[in-house]
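First the structure, in the form of C-alpha coordinates, and then the observations on it.
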Protein chains: 2
Amino acid sequence: MADLRNMGGHGGEALLYLTDEQLRQGIEAMFFAYRGFTADPDRILQGMSYGRAHHRAIHFVNCAPGTTVNNLLNILGVTKQSLNRVLRTLIADGLIESRVGRADKRERHLYLTEQGRELEQKLSDAQRARMRAAYREAGPDAVAGFRQVLEAMMDSEMRRNYVALREGRA
Amino acid sequence: MADLRNMGGHGGEALLYLTDEQLRQGIEAMFFAYRGFTADPDRILQGMSYGRAHHRAIHFVNCAPGTTVNNLLNILGVTKQSLNRVLRTLIADGLIESRVGRADKRERHLYLTEQGRELEQKLSDAQRARMRAAYREAGPDAVAGFRQVLEAMMDSEMRRNYVALREGRA
DNA sequence: CTTGGAATGTCAACAAGGCTGACTTAAAAT
DNA sequence: ATTTTAAGTCAGCCTTGTTGACATTCCAAG
(Lines give C-alpha, C1' and ligand atoms only; values in the text may rest on other atoms or scores of the structure.)
Protein backbone atom coordinates (compact mmCIF):
# COMPACT_ATOMS: atom_id res chain seq x y z
CA MET A 1 0.00 0.00 0.00
CA ALA A 2 1.89 3.03 -1.22
CA ASP A 3 1.20 6.53 -0.01
CA LEU A 4 -1.63 8.13 -1.89
CA ARG A 5 -1.24 11.80 -1.03
CA ASN A 6 1.33 12.46 -3.69
CA MET A 7 -0.69 11.89 -6.81
CA GLY A 8 -2.54 15.18 -6.92
CA GLY A 9 -4.82 14.24 -9.83
CA HIS A 10 -4.18 15.33 -13.41
CA GLY A 11 -1.08 14.05 -15.16
CA GLY A 12 -0.70 10.31 -15.80
CA GLU A 13 -4.05 9.24 -14.29
CA ALA A 14 -2.62 6.62 -11.97
CA LEU A 15 -6.16 6.00 -10.59
CA LEU A 16 -4.79 4.72 -7.31
CA TYR A 17 -7.72 6.40 -5.62
CA LEU A 18 -10.06 3.92 -7.29
CA THR A 19 -8.66 0.72 -5.76
CA ASP A 20 -11.08 -1.54 -3.92
CA GLU A 21 -9.23 -0.80 -0.70
CA GLN A 22 -9.65 2.93 -1.15
CA LEU A 23 -13.31 2.44 -1.94
CA ARG A 24 -13.80 0.27 1.13
CA GLN A 25 -12.28 2.96 3.29
CA GLY A 26 -14.57 5.53 1.72
CA ILE A 27 -17.57 3.32 2.45
CA GLU A 28 -16.56 2.98 6.08
CA ALA A 29 -15.82 6.68 6.39
CA MET A 30 -19.30 7.38 5.07
CA PHE A 31 -20.81 4.99 7.62
CA PHE A 32 -19.03 6.44 10.63
CA ALA A 33 -19.41 10.03 9.50
CA TYR A 34 -23.15 9.68 9.04
CA ARG A 35 -23.42 8.46 12.61
CA GLY A 36 -21.65 11.59 13.77
CA PHE A 37 -23.77 13.69 11.45
CA THR A 38 -27.04 12.59 13.07
CA ALA A 39 -25.75 12.15 16.64
CA ASP A 40 -26.35 15.67 17.95
CA PRO A 41 -29.93 16.21 16.75
CA ASP A 42 -30.76 12.65 17.82
CA ARG A 43 -29.51 13.45 21.31
CA ILE A 44 -31.66 16.57 21.48
CA LEU A 45 -34.76 14.79 20.19
CA GLN A 46 -34.55 11.72 22.40
CA GLY A 47 -36.80 12.13 25.38
CA MET A 48 -39.07 14.67 23.71
CA SER A 49 -41.15 12.04 21.87
CA TYR A 50 -39.70 13.01 18.49
CA GLY A 51 -37.17 11.23 16.32
CA ARG A 52 -35.08 11.64 13.24
CA ALA A 53 -38.17 11.54 11.02
CA HIS A 54 -39.57 14.61 12.77
CA HIS A 55 -36.26 16.38 12.35
CA ARG A 56 -36.26 15.73 8.61
CA ALA A 57 -39.82 16.99 8.20
CA ILE A 58 -39.06 20.14 10.19
CA HIS A 59 -35.85 20.73 8.28
CA PHE A 60 -37.41 20.62 4.84
CA VAL A 61 -40.54 22.54 5.80
CA ASN A 62 -38.23 25.20 7.16
CA CYS A 63 -36.15 25.58 4.05
CA ALA A 64 -39.10 25.29 1.65
CA PRO A 65 -41.96 27.00 3.51
CA GLY A 66 -45.35 26.51 1.93
CA THR A 67 -44.37 23.22 0.37
CA THR A 68 -47.17 20.73 -0.16
CA VAL A 69 -47.43 17.31 1.43
CA ASN A 70 -46.87 15.64 -1.92
CA ASN A 71 -43.75 17.67 -2.53
CA LEU A 72 -42.37 16.75 0.87
CA LEU A 73 -43.14 13.11 0.12
CA ASN A 74 -40.92 13.22 -2.94
CA ILE A 75 -38.09 14.94 -1.13
CA LEU A 76 -38.10 12.58 1.82
CA GLY A 77 -38.77 9.45 -0.21
CA VAL A 78 -41.23 7.86 2.20
CA THR A 79 -44.88 6.88 1.95
CA LYS A 80 -47.61 9.35 2.76
CA GLN A 81 -48.76 7.17 5.65
CA SER A 82 -45.32 7.30 7.16
CA LEU A 83 -44.97 11.04 6.67
CA ASN A 84 -48.51 11.66 7.83
CA ARG A 85 -47.92 10.03 11.18
CA VAL A 86 -45.02 12.38 11.79
CA LEU A 87 -46.77 15.44 10.38
CA ARG A 88 -49.91 14.80 12.41
CA THR A 89 -48.05 14.94 15.71
CA LEU A 90 -46.10 18.03 14.66
CA ILE A 91 -49.32 19.82 13.67
CA ALA A 92 -51.10 18.68 16.84
CA ASP A 93 -48.19 19.94 18.93
CA GLY A 94 -48.28 23.29 17.15
CA LEU A 95 -44.87 23.09 15.49
CA ILE A 96 -46.18 23.00 11.95
CA GLU A 97 -49.16 24.80 10.45
CA SER A 98 -51.13 23.30 7.55
CA ARG A 99 -52.94 25.78 5.30
CA VAL A 100 -55.43 24.83 2.58
CA GLY A 101 -54.17 25.94 -0.83
CA ARG A 102 -55.63 29.04 -2.45
CA ALA A 103 -55.39 27.95 -6.07
CA ASP A 104 -55.92 24.25 -5.44
CA LYS A 105 -57.90 23.62 -2.30
CA ARG A 106 -56.92 19.95 -2.21
CA GLU A 107 -53.37 20.86 -1.37
CA ARG A 108 -52.11 21.63 2.11
CA HIS A 109 -49.22 24.04 2.40
CA LEU A 110 -46.92 23.53 5.34
CA TYR A 111 -45.26 26.20 7.45
CA LEU A 112 -43.31 26.19 10.67
CA THR A 113 -44.96 28.02 13.57
CA GLU A 114 -42.88 30.21 15.84
CA GLN A 115 -42.49 27.22 18.13
CA GLY A 116 -41.48 25.06 15.18
CA ARG A 117 -38.84 27.55 14.13
CA GLU A 118 -37.45 27.45 17.65
CA LEU A 119 -36.95 23.71 17.58
CA GLU A 120 -35.58 23.88 14.07
CA GLN A 121 -33.02 26.40 15.25
CA LYS A 122 -31.99 24.25 18.16
CA LEU A 123 -31.57 21.18 15.98
CA SER A 124 -29.81 22.81 13.09
CA ASP A 125 -27.56 24.81 15.39
CA ALA A 126 -26.28 21.53 16.80
CA GLN A 127 -25.89 19.94 13.39
CA ARG A 128 -24.29 22.99 11.86
CA ALA A 129 -21.85 23.29 14.75
CA ARG A 130 -20.42 19.88 13.95
CA MET A 131 -20.45 20.59 10.26
CA ARG A 132 -18.74 23.91 10.78
CA ALA A 133 -16.04 22.33 12.92
CA ALA A 134 -15.43 19.67 10.28
CA TYR A 135 -15.37 22.25 7.48
CA ARG A 136 -12.98 24.49 9.38
CA GLU A 137 -10.67 21.59 10.17
CA ALA A 138 -10.62 20.38 6.58
CA GLY A 139 -10.44 23.74 4.83
CA PRO A 140 -12.24 25.18 1.79
CA ASP A 141 -10.62 23.01 -0.87
CA ALA A 142 -11.52 19.85 0.99
CA VAL A 143 -15.06 21.12 1.41
CA ALA A 144 -15.41 21.70 -2.31
CA GLY A 145 -14.24 18.13 -2.94
CA PHE A 146 -16.56 16.80 -0.27
CA ARG A 147 -19.55 18.42 -1.92
CA GLN A 148 -18.52 17.20 -5.36
CA VAL A 149 -18.27 13.57 -4.28
CA LEU A 150 -21.55 13.71 -2.35
CA GLU A 151 -23.37 15.10 -5.36
CA ALA A 152 -21.96 12.39 -7.57
CA MET A 153 -23.11 9.77 -5.10
CA MET A 154 -26.80 10.76 -5.15
CA ASP A 155 -29.47 9.06 -7.21
CA SER A 156 -30.38 11.29 -10.12
CA GLU A 157 -33.89 11.82 -8.72
CA MET A 158 -32.49 12.90 -5.40
CA ARG A 159 -30.00 15.15 -7.11
CA ARG A 160 -32.88 16.95 -8.77
CA ASN A 161 -34.46 17.58 -5.37
CA TYR A 162 -31.15 18.71 -4.00
CA VAL A 163 -30.50 21.12 -6.84
CA ALA A 164 -34.06 22.47 -6.67
CA LEU A 165 -33.68 23.19 -2.97
CA ARG A 166 -30.31 24.78 -3.53
CA GLU A 167 -31.70 27.09 -6.14
CA GLY A 168 -34.41 28.53 -3.94
CA ARG A 169 -38.00 27.46 -4.42
CA ALA A 170 -38.86 23.75 -4.58
CA MET B 1 -25.39 34.89 -2.53
CA ALA B 2 -22.09 35.40 -4.27
CA ASP B 3 -20.23 32.73 -6.16
CA LEU B 4 -18.09 30.63 -3.90
CA ARG B 5 -15.84 28.78 -6.30
CA ASN B 6 -13.35 31.59 -6.55
CA MET B 7 -11.93 31.59 -3.08
CA GLY B 8 -9.65 28.57 -3.30
CA GLY B 9 -8.67 28.56 0.38
CA HIS B 10 -5.46 30.06 1.72
CA GLY B 11 -4.90 33.80 1.31
CA GLY B 12 -7.23 36.17 3.10
CA GLU B 13 -9.36 33.50 4.79
CA ALA B 14 -12.67 34.84 3.58
CA LEU B 15 -14.42 31.84 5.26
CA LEU B 16 -17.35 32.08 2.89
CA TYR B 17 -17.53 28.31 2.99
CA LEU B 18 -18.61 28.52 6.62
CA THR B 19 -21.82 30.49 6.10
CA ASP B 20 -25.02 28.99 7.47
CA GLU B 21 -26.29 28.65 3.92
CA GLN B 22 -23.23 26.67 2.86
CA LEU B 23 -23.55 24.48 5.93
CA ARG B 24 -27.22 23.87 5.23
CA GLN B 25 -26.36 22.77 1.72
CA GLY B 26 -23.72 20.43 3.10
CA ILE B 27 -26.26 18.94 5.50
CA GLU B 28 -28.71 18.32 2.69
CA ALA B 29 -26.02 16.91 0.43
CA MET B 30 -25.11 14.48 3.21
CA PHE B 31 -28.73 13.44 3.59
CA PHE B 32 -29.35 12.79 -0.09
CA ALA B 33 -25.97 11.19 -0.68
CA TYR B 34 -26.42 8.73 2.17
CA ARG B 35 -29.68 7.60 0.60
CA GLY B 36 -27.83 6.86 -2.61
CA PHE B 37 -25.03 5.23 -0.69
CA THR B 38 -27.34 2.61 0.85
CA ALA B 39 -29.79 2.28 -2.03
CA ASP B 40 -28.06 -0.48 -4.00
CA PRO B 41 -27.38 -2.93 -1.15
CA ASP B 42 -30.86 -2.26 0.22
CA ARG B 43 -32.33 -3.20 -3.13
CA ILE B 44 -30.39 -6.46 -3.19
CA LEU B 45 -31.33 -7.36 0.37
CA GLN B 46 -35.01 -6.61 0.14
CA GLY B 47 -36.95 -9.78 -0.44
CA MET B 48 -34.25 -12.05 0.94
CA SER B 49 -35.33 -11.49 4.57
CA TYR B 50 -32.24 -9.44 5.39
CA GLY B 51 -31.85 -5.74 5.92
CA ARG B 52 -29.26 -3.05 6.35
CA ALA B 53 -28.31 -4.36 9.78
CA HIS B 54 -27.33 -7.70 8.25
CA HIS B 55 -25.28 -5.93 5.63
CA ARG B 56 -23.35 -4.00 8.26
CA ALA B 57 -22.62 -7.13 10.27
CA ILE B 58 -21.44 -8.98 7.18
CA HIS B 59 -19.32 -6.06 6.07
CA PHE B 60 -17.40 -5.71 9.31
CA VAL B 61 -17.02 -9.43 9.90
CA ASN B 62 -15.57 -9.62 6.42
CA CYS B 63 -12.99 -6.92 6.88
CA ALA B 64 -12.05 -7.97 10.40
CA PRO B 65 -12.36 -11.76 10.36
CA GLY B 66 -12.18 -13.39 13.77
CA THR B 67 -13.51 -10.30 15.51
CA THR B 68 -15.43 -10.93 18.73
CA VAL B 69 -19.05 -10.08 19.31
CA ASN B 70 -18.10 -7.40 21.79
CA ASN B 71 -15.74 -5.81 19.32
CA LEU B 72 -18.44 -5.78 16.66
CA LEU B 73 -20.79 -4.21 19.19
CA ASN B 74 -18.43 -1.29 19.65
CA ILE B 75 -17.92 -0.80 15.95
CA LEU B 76 -21.60 -0.91 15.09
CA GLY B 77 -22.76 1.03 18.12
CA VAL B 78 -25.87 -1.03 18.84
CA THR B 79 -26.93 -3.16 21.78
CA LYS B 80 -25.89 -6.79 21.98
CA GLN B 81 -29.52 -7.85 21.84
CA SER B 82 -30.00 -6.00 18.60
CA LEU B 83 -26.83 -7.37 17.09
CA ASN B 84 -27.54 -10.84 18.40
CA ARG B 85 -30.85 -11.06 16.61
CA VAL B 86 -29.14 -10.27 13.34
CA LEU B 87 -26.16 -12.50 14.02
CA ARG B 88 -28.36 -15.43 15.04
CA THR B 89 -30.16 -15.49 11.70
CA LEU B 90 -26.89 -15.12 9.79
CA ILE B 91 -25.36 -18.02 11.72
CA ALA B 92 -28.49 -20.15 11.36
CA ASP B 93 -28.48 -19.49 7.62
CA GLY B 94 -24.84 -20.48 7.37
CA LEU B 95 -23.45 -17.11 6.31
CA ILE B 96 -21.43 -16.51 9.45
CA GLU B 97 -19.53 -19.01 11.55
CA SER B 98 -19.07 -18.47 15.29
CA ARG B 99 -16.01 -20.15 16.82
CA VAL B 100 -15.34 -20.37 20.55
CA GLY B 101 -12.13 -18.53 21.41
CA ARG B 102 -8.95 -20.55 22.03
CA ALA B 103 -7.38 -18.28 24.64
CA ASP B 104 -10.65 -17.10 26.17
CA LYS B 105 -13.42 -19.56 25.62
CA ARG B 106 -16.05 -17.03 26.57
CA GLU B 107 -15.43 -15.13 23.42
CA ARG B 108 -16.93 -16.05 20.08
CA HIS B 109 -14.91 -15.24 17.01
CA LEU B 110 -16.86 -14.51 13.88
CA TYR B 111 -16.00 -15.53 10.34
CA LEU B 112 -17.81 -15.44 7.04
CA THR B 113 -18.51 -18.81 5.48
CA GLU B 114 -18.05 -19.31 1.77
CA GLN B 115 -21.73 -18.51 1.34
CA GLY B 116 -21.30 -15.42 3.48
CA ARG B 117 -18.40 -14.22 1.39
CA GLU B 118 -20.54 -14.63 -1.70
CA LEU B 119 -23.26 -12.34 -0.37
CA GLU B 120 -20.66 -9.89 0.90
CA GLN B 121 -19.17 -9.72 -2.57
CA LYS B 122 -22.52 -9.11 -4.16
CA LEU B 123 -23.37 -6.33 -1.73
CA SER B 124 -20.04 -4.57 -1.72
CA ASP B 125 -19.70 -4.85 -5.49
CA ALA B 126 -22.90 -2.86 -5.80
CA GLN B 127 -21.86 -0.31 -3.22
CA ARG B 128 -18.35 0.03 -4.57
CA ALA B 129 -19.66 0.51 -8.10
CA ARG B 130 -21.55 3.61 -7.06
CA MET B 131 -18.63 4.84 -5.00
CA ARG B 132 -16.24 4.26 -7.86
CA ALA B 133 -18.46 6.17 -10.26
CA ALA B 134 -18.69 9.08 -7.83
CA TYR B 135 -14.93 9.06 -7.22
CA ARG B 136 -14.16 8.95 -10.91
CA GLU B 137 -16.57 11.76 -11.65
CA ALA B 138 -15.17 13.97 -8.90
CA GLY B 139 -11.47 13.19 -9.34
CA PRO B 140 -8.67 12.43 -6.88
CA ASP B 141 -8.39 15.89 -5.32
CA ALA B 142 -12.08 15.98 -4.56
CA VAL B 143 -11.85 12.48 -3.09
CA ALA B 144 -9.06 13.54 -0.75
CA GLY B 145 -11.19 16.45 0.44
CA PHE B 146 -14.21 14.21 0.79
CA ARG B 147 -12.30 11.85 3.07
CA GLN B 148 -10.87 14.72 5.11
CA VAL B 149 -14.28 16.22 5.83
CA LEU B 150 -15.84 12.85 6.65
CA GLU B 151 -13.09 12.07 9.14
CA ALA B 152 -13.51 15.43 10.80
CA MET B 153 -17.23 14.79 11.09
CA MET B 154 -16.95 11.53 13.06
CA ASP B 155 -17.26 11.22 16.81
CA SER B 156 -13.83 10.68 18.30
CA GLU B 157 -14.80 7.16 19.45
CA MET B 158 -15.94 6.27 15.97
CA ARG B 159 -12.82 7.74 14.48
CA ARG B 160 -10.77 5.38 16.62
CA ASN B 161 -12.69 2.42 15.21
CA TYR B 162 -12.29 3.77 11.73
CA VAL B 163 -8.55 4.28 12.07
CA ALA B 164 -8.11 0.85 13.66
CA LEU B 165 -9.91 -0.81 10.76
CA ARG B 166 -7.91 1.21 8.29
CA GLU B 167 -4.67 0.13 9.82
CA GLY B 168 -5.32 -3.55 9.51
CA ARG B 169 -6.32 -5.64 12.51
CA ALA B 170 -9.07 -4.43 14.83
C1' DC C 1 -11.86 -23.40 46.36
C1' DT C 2 -15.03 -20.07 46.19
C1' DT C 3 -16.68 -16.02 44.65
C1' DG C 4 -16.99 -11.95 41.76
C1' DG C 5 -17.10 -10.16 37.38
C1' DA C 6 -16.87 -10.33 32.34
C1' DA C 7 -18.55 -12.15 27.90
C1' DT C 8 -22.15 -14.19 25.80
C1' DG C 9 -26.70 -15.65 24.97
C1' DT C 10 -31.76 -15.64 25.56
C1' DC C 11 -36.55 -14.20 26.62
C1' DA C 12 -39.97 -10.72 26.76
C1' DA C 13 -41.75 -6.40 25.87
C1' DC C 14 -41.82 -2.17 23.64
C1' DA C 15 -41.16 1.98 20.32
C1' DA C 16 -39.92 4.36 16.11
C1' DG C 17 -40.45 4.49 11.62
C1' DG C 18 -40.52 2.21 7.47
C1' DC C 19 -44.04 -0.55 4.41
C1' DT C 20 -48.75 -2.17 2.03
C1' DG C 21 -53.65 -2.16 1.21
C1' DA C 22 -58.18 -0.33 1.55
C1' DC C 23 -61.13 3.43 1.88
C1' DT C 24 -63.05 8.39 2.37
C1' DT C 25 -63.32 13.13 1.23
C1' DA C 26 -62.90 17.03 -1.56
C1' DA C 27 -61.56 19.30 -5.50
C1' DA C 28 -59.87 19.51 -10.02
C1' DA C 29 -59.78 17.98 -14.76
C1' DT C 30 -61.77 15.79 -18.59
C1' DA D 1 -71.00 13.42 -15.07
C1' DT D 2 -67.12 10.84 -14.51
C1' DT D 3 -62.47 10.17 -13.54
C1' DT D 4 -58.32 11.50 -11.47
C1' DT D 5 -55.67 13.60 -7.98
C1' DA D 6 -54.25 15.28 -3.12
C1' DA D 7 -54.71 14.38 1.22
C1' DG D 8 -55.91 11.97 5.27
C1' DT D 9 -56.98 7.80 7.97
C1' DC D 10 -57.29 2.98 9.68
C1' DA D 11 -55.33 -1.48 10.24
C1' DG D 12 -51.66 -4.45 10.11
C1' DC D 13 -46.96 -5.94 9.28
C1' DC D 14 -41.63 -5.74 9.30
C1' DT D 15 -37.02 -4.29 10.68
C1' DT D 16 -34.22 -2.60 13.88
C1' DG D 17 -33.42 -0.15 17.62
C1' DT D 18 -34.25 0.06 22.92
C1' DT D 19 -34.65 -1.99 28.35
C1' DG D 20 -34.75 -5.24 31.82
C1' DA D 21 -34.21 -9.72 33.73
C1' DC D 22 -31.86 -13.84 33.84
C1' DA D 23 -28.76 -18.17 32.68
C1' DT D 24 -24.40 -19.86 31.38
C1' DT D 25 -19.68 -20.18 31.13
C1' DC D 26 -15.32 -19.18 32.28
C1' DC D 27 -11.32 -16.33 34.04
C1' DA D 28 -9.10 -14.47 37.87
C1' DA D 29 -8.47 -12.84 42.52
C1' DG D 30 -9.00 -13.54 47.21
Side-chain angles (χ1 to χ4, degrees), chain A residues 31 34-35 38-39 41-61 66-93 96-111 170, chain B residues 31 34-35 38-39 41-61 66-93 96-110:
Chain A
F31 171 70
Y34 197 77
R35 306 262 313 270
T38 56
D42 281 0
R43 226 181 330 265
I44 291 171
L45 286 163
Q46 88 173 7
M48 60 185 298
S49 80
Y50 294 142
R52 208 176 288 179
H54 299 84
H55 180 195
R56 290 198 284 256
I58 287 174
H59 175 98
F60 285 109
V61 168
T67 189
T68 64
V69 172
N70 224 359
N71 197 346
L72 204 50
L73 242 43
N74 290 330
I75 292 174
L76 295 175
V78 297
T79 59
K80 68 174 174 176
Q81 293 90 333
S82 207
L83 174 59
N84 200 249
R85 179 171 34 199
V86 165
L87 234 35
R88 208 186 316 159
T89 69
L90 289 172
I91 291 169
D93 295 351
I96 283 186
E97 191 192 348
S98 167
R99 295 185 209 153
V100 172
R102 287 177 304 114
D104 186 334
K105 292 181 198 162
R106 289 170 305 178
E107 297 180 340
R108 308 298 147 93
H109 298 271
L110 304 171
Y111 300 88
Chain B
F31 170 71
Y34 197 77
R35 307 260 313 266
T38 56
D42 282 0
R43 229 183 324 269
I44 292 171
L45 287 164
Q46 86 172 11
M48 61 186 298
S49 79
Y50 294 143
R52 207 177 288 179
H54 300 84
H55 179 196
R56 290 198 282 254
I58 287 174
H59 176 98
F60 285 109
V61 168
T67 190
T68 63
V69 172
N70 222 7
N71 197 345
L72 203 50
L73 241 44
N74 290 329
I75 292 173
L76 295 175
V78 296
T79 59
K80 66 177 175 177
Q81 293 89 334
S82 204
L83 174 59
N84 200 250
R85 179 173 34 202
V86 164
L87 235 33
R88 207 187 317 158
T89 69
L90 290 171
I91 291 169
D93 295 351
I96 283 185
E97 192 191 347
S98 166
R99 293 185 209 153
V100 173
R102 287 178 303 113
D104 186 338
K105 292 180 198 165
R106 287 169 303 180
E107 296 181 341
R108 308 300 147 93
H109 297 271
L110 303 171

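Lettering follows sequence order; numbering is per chain, from 1. Everything numeric in this text was worked out from a predicted model, so none of it was measured.
- Between N70(A) and dT5(D), a side-chain N or O to OP1/OP2 separation shorter than 4.0 Å is absent.
- Ring orientation note: the planes of H55(A) and H59(A) are nearly perpendicular, at an angle over 60° on the 30°/60° scale.
- Formation of a donor-acceptor pair under 3.5 Å by the R52(B) side chain with backbone atoms of L45(B) is not found in this model.
- Rounded to an integer number of Å, the gap from Y50(A) OH to dA16(C) P is 12 Å.
- Distances from the side chain of H54(A) to the nucleotides dG21(C), dA6(C), dG17(C) place dG17(C) closest.
- A sub-4.0 Å separation between OP1 or OP2 of dG17(D) and a side-chain N or O of T79(B) is absent.
- As rounded to whole Å, 11 Å separates atom C1' of dA7(C) from atom NE2 of H109(B).
- Across all strands shown, A57(A) has no heavy atoms under 4.0 Å from either base or sugar-phosphate atoms.
- For Q81(A), whose side chain is taken as the heavy atoms from C-beta onward, the closest listed nucleotide among dG17(C), dT20(C), dA7(D) is dT20(C).
- At whole-Å resolution of the value, NZ in K105(A) and P in dT25(C) are 19 Å apart.
- Candidate nucleotides dG5(C), dG17(D), dG9(C) were compared by shortest atom distance to the side chain of R85(B), and dG17(D) ranks first.
- The phosphate of dA6(D) has neither OP1 nor OP2 within less than 4.0 Å of any side-chain N or O from R108(A).
- Atoms CG (D42(B)) and P (dC19(C)) sit 11 Å apart, rounded to a whole Å.
- Taking 4.0 angstrom as the limit, R102(A) places none of its side-chain polar atoms (N or O) nearer than this to OP1 or OP2 of dA27(C).
- Among the nucleotides dG17(D), dA27(C), dT9(D), the one closest to the side chain of N84(A) is dT9(D).
- The side chain of R52(B) approaches dT16(D) more closely than any other nucleotide in the set dT5(D), dT16(D), dC23(C).
- The distance from atom CG of L83(B) to atom C1' of dT16(D) is 12 Å, rounded to the nearest whole Å.
- Rounded to whole Å, atom C1' of dA6(D) lies 19 Å from atom CZ of R99(A).
- Rounding to the nearest 0.5 Å places CZ of R88(A) at 10.0 Å from CD of Q81(A).
- Using the six-membered ring where Trp is involved, F31(A) and F60(B) have ring planes that are tilted, between 30° and 60° apart.
- The NE2 atom of H109(B) sits 10.0 Å away from atom CG of N71(B), with the distance rounded to the nearest 0.5 Å.
- Within 4.0 Å (heavy atoms only), G101(B) reaches no atom of the nucleic acid at all.
- Across dT9(D), dT16(D), dA28(C), the shortest atom-to-atom separation from the side chain of S82(B) is found for dT16(D).
- For dT8(C), its base sits under 3.5 Å from the side chain of K80(B) at one donor and acceptor pair at least.
- Distance from the side chain of E107(B) is smallest for dT8(C) among the nucleotides dT8(C), dT9(D), dG8(D).
- Of the candidates dC27(D), dA28(C), dG18(C), dA28(C) carries the atom nearest the D104(A) side chain, counting heavy atoms from C-beta on.
- Of the candidates dT16(D), dG8(D), dA6(D), the closest approach to any side-chain atom of R106(A) belongs to dA6(D).
- Atoms CG (L72(B)) and C1' (dT8(C)) sit 13 Å apart, rounded to a whole Å.
- At least one side-chain heavy atom of D93(A) sits less than 4.5 Å from a side-chain heavy atom of Y50(A).
- When the nearest nucleotides of DNA chain C are assigned to I91(B) and V78(A) by heavy-atom distance, the more 5′-ward of the two goes with I91(B).
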